[in-house]
Amino acid sequence: MRVVTTAQTQELDVQPSPLALLLLGREADPNSERGVECPGELPSPSDPDLVERARAAKEKLGNKVFVLGHHYQRDEVIQFADVTGDSFKLARDAAARPEAEYIVFCGVHFMAESADILTSDRQKVVLPDLAAGCSMADMATAEQVAECWDVLTEAGVAERVVPVSYMNSSADIKAFTGKHGGTICTSSNAKRALEWAFQQGEKVLFLPDQHLGRNTAVRDMGMSLEDCVVYNPHKPNGGLTADELRAAKMILWRGHCSVHGRFSLDSVDDVRERVPGVNVLVHPECRHEVVAAADYVGSTEYIIKTLEAAPAGSKWAIGTELNLVRRLANRFAPEGKEIVFLDRTVCFCSTMNRIDLPHLVWALESLAEGNLVNRIEVDEETEAFAKLALERMLALP
């Protein structure tokens, strides 16, 4: 095998591809909700004073800053969060703190967008690393969804379709949903959102997570798998015929969570063999066959509450992001609860893990010095329609 060195590559005048530059963090993807630039010099991750620097900057800012920490964040970051929770809860918490001039969101891009939509104009939302995106949210762009609507229109079904978009979507997709009479949902209220949508129309376009849409429709609402079709934005007409679109009740966007999507039926079978008497508890973003084989299924908050109520000595295999599973295992170990990760393979959410202590320190110190960095700002028109969709969700019975 011949090894080509960097110097040899330069001599050959080989130019890195746009994808390579994107992965290296040197370029931006205009078709993605993610950004990748992080101006300024980050502190070294080996700096032993990082924790103290974060504390000092946060103390200097006082009530001017409010730090939000998503459940999937690293422990080193979570320790500085004023509140923890899922994406929508955190956005609402930020809106409930109007005195905070800066909202530092330790999460991913679409979450910071939601916080900007729900907070006041004087509040500024900061994402410590702009490369903290979401692969699921990136799987549905505004252009692709507009094209999908054209396909539905040509099939003669658009007027009977109500869009329902998962919270894990970009502001553009939320705005599309609001503009077309739809609503947003979380993993906790997806069933209520779908029930509402079917009162408004005959079909639902569910964006962007096919698994949550399918699991809610089939497991929670009694539909069949045949009632669901998958729209693939990378195929002509979504890979579907007009007859298939007319027959379907649920038109599922071909998107998924890269973490939850990796769990398999083999994972469930393997953990039951390894840990006799284990309870399998998974997130509804998992594949349908995994959800069907699990003992309990629910949102992140549901997972936490289920473990809080679990008896001492019980055993649990959790199908969700590893940072949270590890934190819960440590939290409940003194109560004699055994908690393991559902899969043998370690898998963090790579984009959530972009928010590390150096990025947080850099953001807090910049704000403390009066420099606004990495602001996430949604334009007025997008915000108005996205907020309309969110308000429909808040009005659900």
Side-chain angles (χ1 to χ4, degrees), residues 19 29 31-34 108-110 133-155 157-158 161-177 180 182-187 190 193-194 197 203-221 223-265 282-292 319 347 349-351:
L19 176 60
D29 181 357
N31 297 316
S32 168
E33 63 121 16
R34 294 174 297 160
V108 295
H109 197 276
F110 78 81
C134 171
S135 59
M136 181 200 296
D138 286 342
M139 290 177 190
T141 67
E143 294 78 11
Q144 290 172 333
V145 176
E147 183 178 338
C148 171
W149 200 256
D150 288 341
V151 171
L152 298 179
T153 301
E154 290 174 10
V157 299
V161 174
V162 178
V164 175
S165 292
Y166 190 22
M167 182 63 65
N168 299 24
S169 59
S170 69
D172 285 339
I173 301 307
K174 290 183 176 73
F176 169 90
T177 305
H180 290 82
T183 187
I184 308 301
C185 75
T186 66
S187 52
L194 286 184
K203 304 172 185 292
V204 165
L205 171 63
F206 194 90
L207 300 150
D209 180 23
Q210 61 170 308
H211 299 307
L212 177 62
R214 182 183 294 106
N215 289 328
T216 306
V218 176
R219 181 179 181 273
D220 299 334
M221 299 181 66
M223 294 185 202
S224 69
L225 290 173
E226 289 69 33
D227 290 324
C228 307
V229 295
V230 177
Y231 182 94
N232 185 342
H234 303 293
K235 290 185 177 181
N237 297 318
L240 299 168
T241 66
D243 286 342
E244 287 174 321
L245 290 170
R246 294 184 192 112
K249 291 182 180 178
M250 290 287 292
I251 303 167
L252 306 170
W253 192 263
R254 191 176 182 270
H256 65 276
C257 169
S258 57
V259 171
H260 292 108
R262 69 172 290 107
F263 298 116
S264 66
L265 190 55
V282 303
H283 195 281
E285 289 177 21
C286 292
R287 302 178 192 181
H288 180 68
E289 59 267 27
V290 173
V291 165
C347 183
C349 176
S350 59
T351 49

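Here the structure is a predicted model, which means the values were calculated and not measured. FYI, the numbering just counts along the sequence from 1.
Looking at S135 and D138, their side chains never bring a donor and an acceptor atom within 3.5 Å of each other.
Using a 30° and 60° split on the angle between ring planes, Y231 and W253 fall in the parallel class, below 30°.
The heavy-atom pair separating A248 from V229 by the smallest distance is CB-CG2, 3.6 Å. Closest of all the heavy-atom pairs between T183 and A193 is CG2-CB, 4.1 Å. V218 and C228 get closest at one heavy-atom pair: CG2-SG, 4.3 Å. Among all heavy-atom pairs drawn from E244 and G239, the shortest one is OE1-O, 4.2 Å. Across all their heavy atoms, V259 and C349 have their closest contact at CG2-CA, 3.6 Å. In this structure, T177 and P163 approach most closely via the heavy-atom pair CG2-O, 3.5 Å.
A donor-acceptor pair is defined here as one N or O able to donate and one able to accept, closer than 3.5 Å; no such pair exists between the side chain of K174 and the backbone of S165. In this structure, the side chain of R246 does not engage the main chain of V157 through any donor-acceptor pair within 3.5 Å. Remark: the backbone N or O of C286 is paired with a side-chain donor or acceptor of N215 at under 3.5 angstrom.
Among H211, H260, H256, the one residue that satisfies the ring pair (Phe, Tyr, Trp, His ring centres under 6.0 Å) test with H283 is H260. Exactly one residue among N237, L152, L205 makes a side-chain contact (heavy atoms from CB on, under 4.5 Å) with L245. That residue is L152.
Here the side chains of V108 and C134 are in contact, with some heavy-atom distance below 4.5 Å. Side chains of F206 and C185 form a contact here, defined as non-hydrogen atoms less than 4.5 Å apart. With contacts defined as side-chain heavy-atom distances shorter than 4.5 Å, the pair R254/K235 does not qualify. A heavy-atom distance below 4.5 Å is found between the side chains of P208 and Y166.
Atoms CE and CG, on M250 and L194 in that order, are 4.5 Å from each other to the nearest 0.5 Å. The distance from atom CZ of R214 to atom CG of D227, rounded to the nearest 0.5 Å, is 12.0 Å. Once rounded to the nearest 0.5 Å, the distance linking CE of M167 with CG of D209 reads 13.5 Å. The CH2 atom of W149 lies 13.5 Å from the CD atom of E154; values are rounded to the nearest 0.5 Å. For the atom pair M139 CE and I173 CD1, the distance stands at 13.5 Å (nearest 0.5 Å). Distance check, rounded to the nearest 0.5 Å: SG of C257 to CZ of F263 gives 8.5 Å.
Heavy-atom neighbours of R262 CZ from other residues, nucleotides or ligands within 6.0 Å: above the threshold of 12. The neighbour count for E289 CD, taken as heavy atoms of other residues, nucleotides or ligands under 6.0 Å away, is above 12.
Checked against side-chain contact (heavy atoms from CB on, under 4.5 Å), P284 has the following partners two or more places apart in sequence or in another chain: S187, L212, V297.
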Worked check of side chain to side chain contact (heavy atoms under 4.5 Å, CB included) between T141 and D172: CA-CA 8 Å; T141 67; D172 285 339; over 6 Å; no

